[in-house]
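The structure appears right after this line, and notes come after that.
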Amino acid sequence: VPLGGFGPRTGRVEVEGLTAPTREGFEVFLGTASPGSFATLRIPLLSGRDFRLTDDASAPRVAIVNETFASRFWPGESALGRRFLVESQAVEVIGVARAGKYKSLMEEPRPYVTVPLAQNPSRRMTLLLRTETGANPAAPLRDLVRGLDPDLPFQDPMLLSDFIAVSFLPQRMAGTVTSALGLLGLVLSSVGLYGLVAFTVGQRTREIGIRVAIGARPAQVLALVLRQSALLGGAGILAGGAAALVAGRLVSSLLFGVRATDPIALTGAALVLAAVVLLASVVPAWRALRIDPLRALRCD
C-alpha cells in the first residue's frame with residue numbers, strides 16, 4: 001500500500017545498453033497489482049494500457065513503469081514496447097503511470113516497476129476497495145472471502161487514510177509540538193513587545209503633559225507616539241522577518257506541502273506583532289492624555 005509505513009520492496013533491473021552501478025543492476029521499487037488497481041488508487045496512466053485478465057502465466061511477461069523510471073532509462077523516448085530484466089526475468093513495458101510517493105513523503109522521485117499479480121503470485125496481498133462515502137463493506141467482504149476459502153485469513157479492513165495516518169504519527173506529533181512551540185514563541189514575543197512599548201510610552205508621560213499644556217491636540221500627540229513606535233516596531237519586524245527567511249532554509253528539508261518561506265505564515269506573524277505594537281502604543285498614550293496636564297508635569 002502506498003505510504004503504508006513499510007513501503008514497497010526493492011529489486012534489481014537490468015536495462016540493455018545501460019551500465020548499472022552494481023553487478024546486480026539498478027535498484028528500483030517493485031510492486032504487484034491486479035487489473036484495475038491503478039484506477040482504484042486514481043493513479044493515471046500517462047500512456048499505454050492497464051493490466052488485463054489475459055496477462056496471466058501463459059502470456060508474455062509485462063510491466064507498468066512510472067514516469068520516473070521511463071525518463072531515467074529512456075529520456076526523451078517512448079517507454080512503450082521497451083524490454084528489460086526484472087530480477088533476471090524479461091518483461092515488456094505496456095504502460096507508463098504517474099509517479100508518486102511510495103514509502104515516505106520526503107523521498108526523492110524513485111523509479112517504480114509494477115508487474116501483474118497473475119504472473120507474479122504472492123502469499124500476502126492487500127485488497128484495495130473503493131466505496132461510497134460512509135459505506136462499510138467489511139461484513140459482505142468478509143462473507144465473500146469465506147465463501148471462496150473459509151481458511152483464508154482476513155484482517156479487519158480500514159480506511160486507506162487511517163492506514164496511512166498511522167505511519168505518519170511521528171511526523172504529526174513533531175508537527176503538533178513544533179506548532180505549539182511556535183505559537184508559544186509568538187505569544188511570548190507579543191507579551192514582551194507590549195511591555196517594552198508600553199513602558200517606553202509610559203516614560204513619556206511628562207512629555208505628553210507638556211505638549212498638551214502648550215496646546216497640542218490629542219490626535220497630534222497620538223500620531224507622534226504611533227509614528228515613533230511604528231518605526232521601532234517596523235525595524236524589529238523587518239529584522240525578524242529577514243532572520244526567519246534565513247533560518248527557514250535550514251529546515252526546508254523537513255517540510256512537505258509548505259515552503260519554509262510561506263508568505264501566509266510570515267505575513268500573519270508580522271501582522272500580529274504590528275497589532276501588538278499598535279495596541280501597546282495607543283493604550284498608554286491614551287491614558288496619558290486623560291491625565292491632567294499639571295499632574296503629568298509633576299511626574300518624574
(request) Inspect the surroundings of CG in Leu18 and state if more than 12 heavy atoms from other residues, nucleotides or ligands are less than 6.0 Å away. (result) yes

(request) Enter the distance from Phe69:CZ to Arg110:CZ here, rounded to the nearest 0.5 Å. (result) 12.5 Å

(message) Regarding Glu108 and Arg72, does a basic nitrogen lie under 4.0 Å from an acidic carboxylate oxygen?
(response) no

(message) Determine whether Ser37 and Leu128 satisfy the following criterion, side chain to side chain contact (heavy atoms under 4.5 Å, CB included), listing intermediate values before the conclusion.
(response) CA-CA 7 Å; Ser37 296; Leu128 300 173; 5.6 Å; no

(request) Please name the pair of heavy atoms, one in Lys103 and one in Phe29, separated by the smallest distance, quoted to 0.1 Å. (result) CB-CZ, 4.4 Å

(request) For residues Leu117 and Ser122, report the shortest heavy-atom separation together with the two atoms involved. (result) CD1-N, 4.1 Å

(request) Working to the nearest 0.5 Å, report the span between OG of Ser88 and CZ of Arg12. (result) 12.0 Å

(message) Using 30° and 60° as the class boundaries, would you call the ring planes of Phe73 and Phe26 parallel, tilted or perpendicular?
(response) perpendicular

(message) Which label fits Phe51 and Phe38: parallel for a plane angle under 30°, tilted from 30 to 60°, or perpendicular past 60°?
(response) tilted

(message) How about CZ on Arg142, more than 12 heavy atoms from neighbouring residues, nucleotides or ligands closer than 6.0 Å, or not?
(response) yes

(request) Taking all non-hydrogen atoms of both residues into account, name the closest pair between Ser189 and Leu273 and its distance. (result) OG-CD2, 3.8 Å

(message) For Pro116, is there any backbone N or O sitting under 3.5 Å from a side-chain donor or acceptor partner on Gln119?
(response) no

(request) Measure the CG-CG distance between Leu188 and Leu184 for me, rounded to the nearest 0.5 Å. (result) 4.5 Å

(message) Just verifying a value: how many Å separate Ile64 CD1 and Leu46 CG, rounded to the nearest 0.5 Å?
(response) 11.0 Å

(request) Look only at the side chain of Arg61 and the backbone of Ala90, and say whether a donor-acceptor pair between them is shorter than 3.5 Å. (result) no

(request) Determine whether Val65 and Pro111 make a side-chain contact, defined as any pair of heavy atoms from C-beta on separated by less than 4.5 Å. (result) no

(request) Please examine the side chains of Val91 and Val13, heavy atoms only from C-beta on, and report whether any two atoms are closer than 4.5 Å. (result) no

(message) Please give me the minimum heavy-atom distance between Val115 and Ala63, naming the atom from each residue.
(response) CG1-CB, 4.1 Å

(request) For residues Pro44 and Arg42, report the shortest heavy-atom separation together with the two atoms involved. (result) CD-O, 3.5 Å

(request) Before giving the answer on side chain to side chain contact (heavy atoms under 4.5 Å, CB included), spell out for Leu141 and Leu127 the whole-Å C-alpha distance, their side-chain angles and the decisive distance to 0.1 Å. (result) CA-CA 10 Å; Leu141 189 59; Leu127 176 63; 3.8 Å; yes

(message) Treating Asp143 as the side-chain partner and Arg146 as the backbone partner, does any N or O pair qualify as donor plus acceptor under 3.5 Å?
(response) no

(request) Mark yes or no for whether Glu107, through its side chain, and Tyr102, through its backbone, hold a donor-acceptor pair below 3.5 Å. (result) yes

(message) Quick check: is Val62 connected to Ile43 through a chain of hydrophobic side chains (ILVMFWY, heavy atoms under 4.5 Å apart)?
(response) yes

(request) Could you tell me which non-hydrogen atom of Leu30 sits nearest to which non-hydrogen atom of Pro8, and how far apart they are? (result) O-CB, 3.7 Å

(request) Return yes when atom CD of Glu77 has more than 12 non-hydrogen atoms of other residues, nucleotides or ligands closer than 6.0 Å, and no otherwise. (result) yes

(message) Taking CG in Leu148 as the centre, count heavy atoms belonging to other residues, nucleotides or ligands within less than 6.0 Å. Is the count above 12?
(response) yes

(request) Check the hydrophobic clustering (I, L, V, M, F, W, Y; side-chain heavy atoms under 4.5 Å; chains of links allowed) and say if Leu3 and Leu160 are grouped together. (result) yes

(message) Applying side chain to side chain contact (heavy atoms under 4.5 Å, CB included) to Val28 and Val86, what does each step give before you reach the verdict?
(response) CA-CA 10 Å; Val28 299; Val86 179; over 6 Å; no

(message) Once rounded to the nearest 0.5 Å, what's the spacing between atom CG of Asp55 and atom CG of Asp50?
(response) 9.0 Å

(message) Working to the nearest 0.5 angstrom, can you tell me the gap between Thr68 OG1 and Asn66 CG?
(response) 4.5 Å

